[in-house]
> 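Please see the structure below; I have some questions.
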Amino acid sequence: MANAEHLALLKEGAVKWIKWRTLNENIQPDLSEGNLQSANLRGANLAEVNLTKADLRKALLITANLSLANLSLANLSLANLSQAILIQANLSGTNLVKADLTEADLTAANFIGADLREANLERVDLADANLVGTNLTGANLKHANLSNTNLSNANLHEAELIGAYLYKANLYKANLRETRLNGVYLFKANLSGADLEGANLRWANLSGANLSGANLSGANLRGANLRGANLKEVILQKTIMPDGTVHE
């Protein structure tokens with residue numbers, strides 16, 4: 001349960017909150033289950049704050065510092081987190097449906113089981129983040145950094161990943177049906193057992209990638225780089241191959 005004093009201070013605005021935190025560096029604020037719906041928290045210092053189960057729907061968190069904050073099971077649907085800092089933040093089970101995370105720093109953040117349907121993650125940094133089982137259906141991940149990111153069993157159905165960087169990303173058994181991956185860098189990525197039916201992989205770099213057991217039926221691989229890729233037991237029914245031919 002949120003500390004009433006901490007919650008009241010934050011609601012008075014980011015300036016007063018920052019001053020209070022500066023003077024009370026040893027206090028770890030508790031805002032768990034607090035009602036911060038539509039609150040203006042632009043630029044607020046919320047590093048290491050407990051925001052478990054907090055209601056942050058439509059909250060304004062542009063450039064806010066949420067590094068190491070606990071946001072597990074919080075409701076951040078339609079919140080604006082553009083350019084926010086969430087390094088190593090805990091967002092497991094968090095509701096981020098249609099949230100705006102443009103250019104946010106999400107390095108090494110925990111998103112296990114989070115709901116990011118239709119979220120805007122354009123140009124975010126998700127390097128080394130954990131997104132196991134995350135729902136990213138229809139999410140915008142254009143030009144996102146997903147190097148070494150764990151996306152195993154994640155749902156990326158119809159997600160937009162054009163220009164994304166997925167070096168050594170783990171997409172084991174991920175749902176990538178009809179996902180737009182054209183031009184994506186997937187060098188040494190793990191796509192074993194992934195469902196890529198109908199995915200657009202035109203000119204994608206899949207060199208050294210593990211595609212063993214993946215479903216590529218109906219996918220478009222025209223111009224893709226498959227040099228050194230593991231294609232053992234891959235399903236290629238009606239797949240458009242790199243040379244433009246259709247695999248029967």
Side-chain angles (χ1 to χ4, degrees), residues 92 106-114 116-117 121-248:
S92 56
L106 306 164
T107 307
N110 178 8
F111 284 92
I112 293 177
L116 284 148
R117 283 174 295 161
L121 293 149
E122 189 166 354
R123 296 187 301 279
V124 299
D125 192 347
L126 276 160
D128 301 304
N130 191 341
L131 288 100
V132 173
T134 300
N135 190 347
L136 288 149
T137 303
N140 177 9
L141 287 149
K142 284 182 180 178
H143 306 290
N145 179 12
L146 293 152
S147 58
N148 293 302
T149 303
N150 192 346
L151 288 150
S152 57
N153 292 292
N155 186 355
L156 291 137
H157 179 56
E158 293 187 333
E160 181 72 77
L161 284 119
I162 293 173
Y165 186 77
L166 288 129
Y167 173 68
K168 287 187 176 180
N170 184 2
L171 290 146
Y172 172 71
K173 288 191 174 180
N175 179 2
L176 293 151
R177 292 168 67 94
E178 301 176 88
T179 300
R180 289 169 288 281
L181 292 149
N182 28 322
V184 171
Y185 190 82
L186 285 152
F187 180 65
K188 291 189 176 181
N190 179 14
L191 289 148
S192 58
D195 188 353
L196 289 145
E197 183 176 350
N200 187 345
L201 289 147
R202 285 170 58 95
W203 304 103
N205 186 345
L206 288 151
S207 56
N210 182 5
L211 287 151
S212 60
N215 179 13
L216 282 159
S217 58
N220 189 344
L221 290 161
R222 189 178 184 90
N225 183 354
L226 291 166
R227 185 176 301 148
N230 181 356
L231 299 170
K232 184 179 180 181
E233 298 180 357
V234 171
I235 300 171
L236 294 167
Q237 186 177 5
K238 295 183 179 180
T239 302
I240 300 173
M241 302 306 288
D243 61 2
T245 59
V246 179
H247 194 283
E248 295 301 329

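Being a predicted model, the structure only gives us computed values, none of them experimental. Starting from 1, each residue takes its place in the sequence as its number. All values below come from the heavy atoms of this structure, side chains included, with hydrogens, waters and symmetry mates left out.
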> Using side-chain heavy atoms (C-beta onward) and a distance below 4.5 Å, is Thr149 in contact with Asn130?
no
> To the nearest 0.5 Å, what is the distance between CG on Leu181 and CG on Leu166?
7.5 Å
> Does the side chain of Val234 come within less than 4.5 Å of Asn215's, by heavy atoms?
no
> Can you tell me how far CG of Asn110 sits from OG of Ser92, rounded to the nearest 0.5 angstrom?
5.0 Å
> Using the side-chain contact (heavy atoms from CB on, under 4.5 Å) rule, pick out the option among Asn190, Leu186, Leu171, Leu226 that qualifies with Leu211.
Leu226
> Rounded at 0.5 Å granularity, tell me how far NZ in Lys188 sits from CG in Asn205.
11.5 Å
> Run the numbers on Ser217 and Glu197 for side chain to side chain contact (heavy atoms under 4.5 Å, CB included), then give the verdict.
CA-CA 5 Å; Ser217 58; Glu197 183 176 350; 3.5 Å; yes
> Determine, stepwise, if the pair Leu126 / Phe111 fulfils side chain to side chain contact (heavy atoms under 4.5 Å, CB included).
CA-CA 10 Å; Leu126 276 160; Phe111 284 92; 3.7 Å; yes
> Do Tyr167 and Leu146 come within less than 4.5 Å of each other through their side chains, counting heavy atoms only?
no
> Under a 4.0 Å N-O cut-off, is there an ion pair linking Lys142 with Glu122?
no
> Between Leu131 and Leu136, is a side chain to side chain contact (heavy atoms under 4.5 Å, CB included) present by the stated rule, with each step listed?
CA-CA 9 Å; Leu131 288 100; Leu136 288 149; 4.0 Å; yes
> Could you check whether any side-chain N or O of His247 sits under 3.5 Å from a backbone N or O of Gln237, counting only pairs where one atom can act as donor and the other as acceptor?
no
> Side chains of Leu206 and Val184: does their closest heavy-atom pair fall under 4.5 Å?
no
> For Glu158, which residues count as a side-chain hydrogen bond (donor to acceptor under 3.5 Å, both in side chains) partner, sequence neighbours excluded?
none
> Is there a side chain to side chain contact (heavy atoms under 4.5 Å, CB included) between Leu231 and Leu236? Walk through the geometry before answering.
CA-CA 10 Å; Leu231 299 170; Leu236 294 167; 6.0 Å; no
> If you compare all heavy atoms of Leu201 against all heavy atoms of Ala224, which two are closest, and at what distance to 0.1 Å?
O-CB, 3.7 Å
> Taking the side chain as C-beta and beyond, is there a heavy-atom pair between Thr239 and Val246 under 4.5 Å?
no
> I'd like to know if the side chain of Asn148 and the backbone of Asn150 have a donor-acceptor N/O pair within less than 3.5 Å.
no
> Mark yes when over 12 heavy atoms from residues, nucleotides or ligands other than Phe187 sit less than 6.0 Å from its CZ; otherwise mark no.
yes
> Checking side-chain hydrogen bond (donor to acceptor under 3.5 Å, both in side chains) between Asn175 and each of Asp195, Asn135, Asn155, Thr137, which is the one that passes?
Asn155
> If you take all heavy atoms of Thr179 and Ala159, which pair is closest and at what distance?
CG2-O, 3.3 Å
> Could you verify whether a donor N or O on one side chain and an acceptor N or O on the other, from Asn220 and Asn200, lie under 3.5 Å apart?
no
> Between Leu141, Thr134, Leu156, which is the residue that forms a side-chain contact (heavy atoms from CB on, under 4.5 Å) with Leu116?
Thr134
> Verify the distance criterion only: is there a donor paired with an acceptor across the side chains of Asn145 and Asp125 at less than 3.5 Å?
yes
